[in-house]
Asker: 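One structure, pasted below without further comment.
Because the structure is predicted, anything quoted here is derived from the model rather than measured. Only heavy atoms go into these numbers, but all of them, side chains included; no hydrogens, no water, no symmetry mates.
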Amino acid sequence: MASTSSSIPTTRYDVFLSFRGEDTRHTFTDHLYQALIEAGLCTFRDNDEIDRGEELKPEIETAITRSRASIVVLSKNYANSRWCLDELCLILDHKKECNHFVLPIFYQVDPSNVRNQRGSYAIRRSIRAALTKGSIFTGFSNFLGTEAKEWSKWTKVNVRRWKEALTKVGNLSGMELSGWVSVDGDGRFKAMVLSIQTEKGFQDVA
């Protein structure tokens with residue numbers, strides 16, 4: 001009989017970074033990535049934007065399951081991306097199954113909005129209905145070829161799953177950042193790195 005340990009994925013990365021590219025790829029997340037690398041933490045960051053209508057790439061799923069920890073950068077438009085939401089669900093599933101350490105960073109967003117799906121974190125399905133209705137017009141046919149494929153994923157089951165994930169991550173101990181964070185001059189970057197290294201939360205970090 002195979003041992004139980006054989007079912008546990010081999011660790012390849014120390015950290016998986018989940019973020020919305022258009023919000024923070026070339027700013028906060030880029031600096032955070034550099035800070036993690038300089039601290040000697042092997043970090044996975046997807047450098048490619050996923051095309052609309054496509055599924056999560058297999059390497060993303062593999063990277064999540066083979067990482068010791070995840071940092072989730074919850075920025076303004078994070079919940080507008082189905083791929084970010086799917087990543088979050090996978091991360092939280094891995095946390096439940098393998099005690100995966102998850103550190104949420106509330107970057108210029110209110111944690112209560114994440115927990116309760118308010119503001120930019122309100123997952124609306126009205127757009128899907130509008131697009132479906134618009135498909136009766138000839139001019140929408142080509143446009144909806146991609147859009148219909150995308151919005152077909154916004155089912156009641158998926159929306160409920162995403163909302164539950166946002167509530168869970170919104171209740172985790174993390175760090176709330178309301179402005180720019182300097183890599184060299186702000187101790188919070190060091191605190192993030194230290195938290196990953198020790199796999200502890202931020203309860204004692206001011």
Asker: Could you label the plane-to-plane angle of the His94 and His100 rings as parallel, tilted or perpendicular, counting under 30° as parallel and over 60° as perpendicular?
Answerer: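 Judged by the thresholds at 30° and 60°, the geometry between His94 and His100 is tilted.
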Asker: Using modelled atom types and a 3.5 Å cut-off, is there a donor and acceptor pairing between side-chain atoms of Asp14 and backbone atoms of Thr43?
Answerer: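 Side chain of Asp14 to backbone of Thr43: no pair is present.
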Asker: Between Thr155 (side chain only) and Asn158 (backbone N and O only), is there a donor and an acceptor less than 3.5 Å apart?
Answerer: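 Flag set: sc Thr155 to bb Asn158 pair under 3.5 Å.
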Asker: Dump the intermediate steps for side chain to side chain contact (heavy atoms under 4.5 Å, CB included) on Phe28 and Ile105, then the final yes or no.
Answerer: CA-CA 11 Å; Phe28 175 79; Ile105 297 176; 4.0 Å; yes
Asker: Is a side-chain N or O of Arg66 found less than 3.5 angstrom from the main chain of Arg12, in a donor-acceptor match?
Answerer: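 A pair under 3.5 Å: no.
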Asker: How about Leu166 and Asn116: do any of their side-chain heavy atoms sit closer than 4.5 Å?
Answerer: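 A side-chain contact is absent here, since even the closest heavy-atom pair is not under 4.5 Å.
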Asker: Which pair of heavy atoms, one from Leu92 and one from Ala165, lies closest together, and at what distance?
Answerer: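 Taking every non-hydrogen atom into account, CD1-O, 3.4 Å.
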Asker: Can you find a heavy atom in the side chain of Glu61 that is under 4.5 Å from one in the side chain of Leu90?
Answerer: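 Glu61 reaches Leu90 side chain to side chain.
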Asker: Out of Ile196, Val15, Ile71, which one pairs with Phe101 under the side chain to side chain contact (heavy atoms under 4.5 Å, CB included) rule?
Answerer: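 Output: one option passes, namely Ile196.
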Asker: Please determine whether a side-chain nitrogen of the Lys or Arg among Asp23 and Lys76 lies less than 4.0 Å from a carboxylate oxygen of the Asp or Glu.
Answerer: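 Here Asp23 does not pair with Lys76 in a salt bridge, since their nearest N and O are not under 4.0 Å apart.
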Asker: When you measure from the side chain of Ser81 to the backbone N and O of Cys84, does any donor-acceptor pair fall under 3.5 Å?
Answerer: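 Pair found, side chain donor or acceptor close to backbone of Cys84.
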Asker: For Tyr78, is the NZ or CZ atom of Arg20 found under 6.0 angstrom from the centre of its six-membered ring and inside 45 degrees of the ring axis?
Answerer: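 Output no; distance or angle outside limits.
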Asker: Answer yes or no: is there a side-chain heavy-atom contact under 4.5 Å between Asp86 and Arg82?
Answerer: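 Result yes, sub-4.5 Å side-chain heavy-atom pair found.
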Asker: Measure the CG-OG distance between Leu103 and Ser173 for me, rounded to the nearest 0.5 Å.
Answerer: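 One gets 9.5 Å once the value is rounded to the nearest 0.5 Å.
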Asker: Can you tell me how far apart CG (Leu177) and CD (Gln108) are? Round to the nearest 0.5 Å.
Answerer: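 Here the interatomic distance stands at 8.5 Å.
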Asker: Atom CZ of Phe44 and atom OG of Ser70: how far apart are they, to the nearest 0.5 Å?
Answerer: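 Spacing of CZ (Phe44) from OG (Ser70) equals 11.0 Å.
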Asker: Evaluate Thr167 against Gln117 for side chain to side chain donor-acceptor pair (under 3.5 Å), listing each step before the verdict.
Answerer: CA-CA 8 Å; Thr167 298; Gln117 294 87 61; 3.2 Å; yes
Asker: Under 4.0 Å between a side-chain nitrogen and a carboxylate oxygen: does that hold for Asp46 and Arg25?
Answerer: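 Salt bridge absent between Asp46 and Arg25.
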Asker: Quick one: list whatever passes side-chain hydrogen bond (donor to acceptor under 3.5 Å, both in side chains) with Asp110, sequence neighbours left out.
Answerer: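 Asp110 satisfies side-chain hydrogen bond (donor to acceptor under 3.5 Å, both in side chains) with Ser112 only.
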Asker: For Ser18 versus Ile91, what's the shortest heavy-atom pair and its separation?
Answerer: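 Looking at all heavy atoms of both residues, the closest pair is CB-CD1, 3.8 Å.
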Asker: In this structure, which one of Asp30, Leu74, Val73 forms a side chain to side chain contact (heavy atoms under 4.5 Å, CB included) with Phe19?
Answerer: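 Passing option: Val73.
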Asker: So which atom in Val169 and which in Phe106 form the shortest heavy-atom distance, rounded to 0.1 Å?
Answerer: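 Minimum heavy-atom contact is O-CZ, 3.8 Å.
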Asker: Given the rule in the side chain to side chain contact (heavy atoms under 4.5 Å, CB included) test, do Val157 and Arg160 qualify, once you have shown the distances and angles that lead to the verdict?
Answerer: CA-CA 5 Å; Val157 172; Arg160 182 170 62 250; 4.0 Å; yes
Asker: Run the side chain to side chain contact (heavy atoms under 4.5 Å, CB included) test on Leu172 and Lys95 for me, step by step, so that the C-alpha distance in whole Å, both residues' side-chain angles and the decisive distance to 0.1 Å come before the verdict.
Answerer: CA-CA 12 Å; Leu172 294 178; Lys95 171 181 170 60; 3.9 Å; yes
Asker: At their closest point, which heavy atom of Thr24 faces which heavy atom of Ser75, and how far apart are they?
Answerer: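 Heavy-atom minimum between the residues: CG2-CB, 4.0 Å.
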Asker: Got Ile60 and Ile64 here, is their nearest side-chain heavy-atom distance under 4.5 Å?
Answerer: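 Yes; the side chains approach each other to less than 4.5 Å.
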